Number of protein chains: 2
Amino acid sequence: MTYCVGLYLNEGLVLLSDTRTNAGVDHISTFGKMHVEEVPGERMVALLSAGNLAISQAVWNRLVEGVWLEGQTHTLRDVPTMFRAAQLVGAAVRAVFDTDGPTLRAQGIAFDVALLLGGQIGGQPQRLFMIYAAGNFIEATEDTPFLQIGEHKYGKPILDRAVTPDTTLVDGVKLALISMDSTLRSNLTVGMPLDLLVYRANTQVVALRKRITEDEPYFRLVREGWSNSLREAYRAMPAPDWVPG
Amino acid sequence: MTYCVGLYLNEGLVLLSDTRTNAGVDHISTFGKMHVEEVPGERMVALLSAGNLAISQAVWNRLVEGVWLEGQTHTLRDVPTMFRAAQLVGAAVRAVFDTDGPTLRAQGIAFDVALLLGGQIGGQPQRLFMIYAAGNFIEATEDTPFLQIGEHKYGKPILDRAVTPDTTLVDGVKLALISMDSTLRSNLTVGMPLDLLVYRANTQVVALRKRITEDEPYFRLVREGWSNSLREAYRAMPAPDWVPG
């Protein structure tokens, strides 16, 4: 499993992924699940993946080598819009499905992959997409300014309650880390280190890309601080007057 | 789906269930999922269920009419220990599986049921069990003083961080309601009203049984208060100094 989250904020994008892959519980590895194509000042396009690692690596490799879309071979470095970028990722997913799908199906293995694609090209708006295993996709909007892939349930309540388009990038980083921490605590197949990318809107360049390890003081502060905050918050809530003392 | 949670605290037990059942998204109903057998001063035994409603209702009906266990028919009103009560519930689950399992399997329907059984009999310790669809079961201990069935992921982070055996019954009610609220917000198949039972250890009588509706002022306070608390808590956390301003 995996957990990746993308926040779509007025100030920019916050993208966070874990790095654990597992086949069963006794074959655990560390693989980066975040890939970036950047032409500083012109485009910044980041792709995060969840699901079967062989599939998601094949998708990325096809994107680097070029994928056929509407009569021409494209990469994420030359598509003219983010919508085309999402179509290209979808086309790469379908190409992998065409190649590997029949054998996977014959062996009873699900074609399991999901991707987050965020970025900005030229003077167009920044966008954030989630691409499904069928190669189709949805887009984050102001109504739902975050998207998640992988093991998304544990980390969703804090996002539901706190993320709005007005959330700042700094607060977005906090919230993404809190959401990830809730997931790490509850699911063994999501693991450290983490890969974080912060993108400031209309800069077309990565503002921050950081690998966060167990030793990162700020992440330790989030882990301990958040637990303490939750305990203090529930204790501070008034008690129901109908529970007999 | 369903969400039920049981807290196993030194002061007693807190049991909470939702009441929604659904077959698809356009056939939604309200059914109580909490049943209680009480002989005041002698025993208090409560059963909460998740999964296929036909299965869980059949289990409860069998328990009321009597289930064969070790050469005799028993109900939850006459088993001598909580361990026997858990065995009896398991035997009821297996009896339903023997009756309905083959046809369900032939029609491709999973035999999906899970139950929480909490209570105390005579001078023996209170206990809390989770019974699986195979009729076997596990028990809450001081190391993990809560058990969940149904849609458990959204509501687990707060329990992981805050519930200890020393948690008071009043705080346990708060935490169970917070956990339920997180689940209600994220999963349409979990719905109001809620059924709450509070049991104070060594009383062998229900301390409180309450149906909590949308109009219940305290639950509304929990919903709004908790969202506000979370927002205040993350805003109060220091910001990472490595996010460029």
Side-chain angles (χ1 to χ4, degrees), chain A residues 14 151-164 167-175 177-179 181-187 196 198 200 203 207-208 210 212 216-219 221-223 225-245, chain B residues 14 151-164 167-175 177-179 181-183 185-187 196 198 200 203 206-208 210 212 216-219 221-223 225-245:
Chain A
V14 175
E151 180 58 73
H152 65 282
K153 293 187 180 183
Y154 299 110
K156 189 161 181 285
I158 179 63
L159 303 178
D160 276 337
R161 283 162 163 139
V163 178
T164 71
T167 301
T168 64
L169 284 175
V170 168
D171 280 350
V173 168
K174 281 190 211 175
L175 289 166
L177 290 175
I178 290 167
S179 175
D181 179 46
S182 297
T183 313
L184 288 165
R185 276 173 184 264
S186 292
N187 191 302
L196 173 70
V198 178
R200 190 168 290 279
T203 61
L208 173 74
K210 184 176 174 68
I212 296 172
E216 165 61 39
Y218 185 72
F219 189 64
L221 186 151
V222 166
R223 304 203 94 160
W226 189 246
S227 285
N228 291 337
S229 296
L230 289 187
R231 282 191 287 267
E232 282 164 24
Y234 96 79
R235 284 189 191 126
M237 288 185 72
D241 55 13
W242 33 254
V243 174
Chain B
V14 175
E151 181 57 73
H152 65 282
K153 293 187 180 184
Y154 300 108
K156 188 161 182 284
I158 180 64
L159 302 178
D160 276 337
R161 283 163 162 137
V163 178
T164 70
T167 301
T168 63
L169 283 176
V170 169
D171 280 349
V173 169
K174 282 191 213 175
L175 289 166
L177 290 175
I178 291 167
S179 175
D181 179 47
S182 297
T183 313
R185 277 173 183 265
S186 293
N187 192 302
L196 173 70
V198 178
R200 189 168 291 280
T203 60
V206 171
L208 174 74
K210 185 175 173 68
I212 296 172
E216 165 62 39
Y218 185 72
F219 189 64
L221 185 150
V222 165
R223 301 202 95 162
W226 187 247
S227 286
N228 291 337
S229 296
L230 288 188
R231 281 191 287 268
E232 281 163 24
Y234 95 80
R235 284 190 191 126
M237 287 186 72
D241 55 14
W242 34 254
V243 174

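In the text below, chain A, chain B and the rest are named by the order of the sequence lines, each starting its count at 1. All of these numbers come straight from a predicted model, not from anything done at the bench.
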**Student:** Would a 4.5 Å heavy-atom cut-off, applied to side chains only, mark Leu177(B) and Ile212(B) as touching?
**Tutor:**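 Yes; the side chains approach each other to less than 4.5 Å.
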**Student:** In terms of heavy-atom pairs under 4.5 Å, which option from Leu208(A), Leu175(A), Thr168(A), Leu221(A) contacts chain B the most?
**Tutor:**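 So the answer, after comparing Leu208(A), Leu175(A), Thr168(A), Leu221(A), is Leu175(A).
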**Student:** Under 4.5 Å from any heavy atom of chain B, what part of Leu159(A) do you find: side chain, backbone, both or neither?
**Tutor:**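 The answer is neither part of Leu159(A).
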**Student:** Look at Arg200(A), Arg235(A), His152(A) and state which one has the largest set of heavy-atom pairs under 4.5 Å with chain B.
**Tutor:**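 Of the candidates given, the most pairs with chain B belong to Arg200(A).
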**Student:** Quick check on Glu232(A) against chain B: is it the side chain, the backbone, both or neither that has a heavy atom closer than 4.5 Å?
**Tutor:**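 When you check distances to chain B, no heavy atom of Glu232(A) falls under 4.5 Å.
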**Student:** With only heavy atoms counted, which part of Asp160(A) is less than 4.5 Å from chain B, the side chain, the backbone, both or neither?
**Tutor:**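 For Asp160(A), the side chain is the part near chain B, not the backbone.
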**Student:** What distance do Ile158(A) atom CD1 and Tyr234(B) atom OH have between them, rounded to the nearest 0.5 Å?
**Tutor:**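 Here the interatomic distance stands at 8.0 Å.
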**Student:** I'd like to check Val198(A) versus Trp242(B) (side-chain heavy atoms, cut-off strictly below 4.5 Å). Are they in contact?
**Tutor:**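 The answer is no; the side chains never approach within 4.5 Å.
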**Student:** Which atoms of Asp181(A) come close to chain B, meaning under 4.5 Å heavy atom to heavy atom: side chain ones, backbone ones, both, or neither?
**Tutor:**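 Answer is both: backbone and side chain atoms of Asp181(A) are under 4.5 Å from chain B.
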**Student:** Looking only at heavy atoms, what is the nearest atom pair of Gly155(B) and Ser179(B), with distance?
**Tutor:**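 In this case the closest contact between Gly155(B) and Ser179(B) is O-OG, 2.7 Å.
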**Student:** In terms of heavy-atom pairs under 4.5 Å, which option from Gly225(A), Ala236(A), Ala233(A) contacts chain B the most?
**Tutor:**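 Most heavy-atom pairs under 4.5 Å with chain B: Ala233(A).
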**Student:** Looking only at heavy atoms and a cut-off of under 4.5 Å, which of Pro240(B), Ala207(B), Pro244(B) has the most pairs with chain A?
**Tutor:**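 Ranked by contacts with chain A, first place is Pro240(B).
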**Student:** Rounded to the nearest 0.5 Å, how far does CZ of Arg161(B) lie from CZ of Arg223(A)?
**Tutor:**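 One finds 8.5 Å between CZ of Arg223(A) and CZ of Arg161(B).
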**Student:** Heavy-atom pairs under 4.5 Å with chain B - which of Glu151(A), Lys174(A), Arg231(A) has more of them than the others?
**Tutor:**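 Heavy-atom pairs under 4.5 Å are most numerous for Lys174(A).
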**Student:** In terms of heavy-atom proximity below 4.5 Å to chain B, should Pro217(A) be classed as side chain, backbone, both, or neither?
**Tutor:**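 Neither part; nothing is under 4.5 Å.
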**Student:** If you measure from CZ on Arg185(B) to NZ on Lys156(A), what distance do you get to the nearest 0.5 Å?
**Tutor:**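 Nearest 0.5 Å value for the CZ-NZ distance: 10.0 Å.
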**Student:** Are the side chains of Tyr218(A) and Val243(B) in touch, meaning some heavy atoms are under 4.5 Å apart?
**Tutor:**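 Side-chain contact under 4.5 Å: no.
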**Student:** Heavy-atom pairs under 4.5 Å with chain B - which of Asp171(A), Leu196(A), Val170(A) has more of them than the others?
**Tutor:**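 Ranked by contacts with chain B, first place is Asp171(A).
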**Student:** Just do the side-chain contact (heavy atoms from CB on, under 4.5 Å) check on Trp226(B) and Leu230(A) with the steps written out, would you?
**Tutor:** CA-CA 9 Å; Trp226(B) 187 247; Leu230(A) 289 187; 3.8 Å; yes
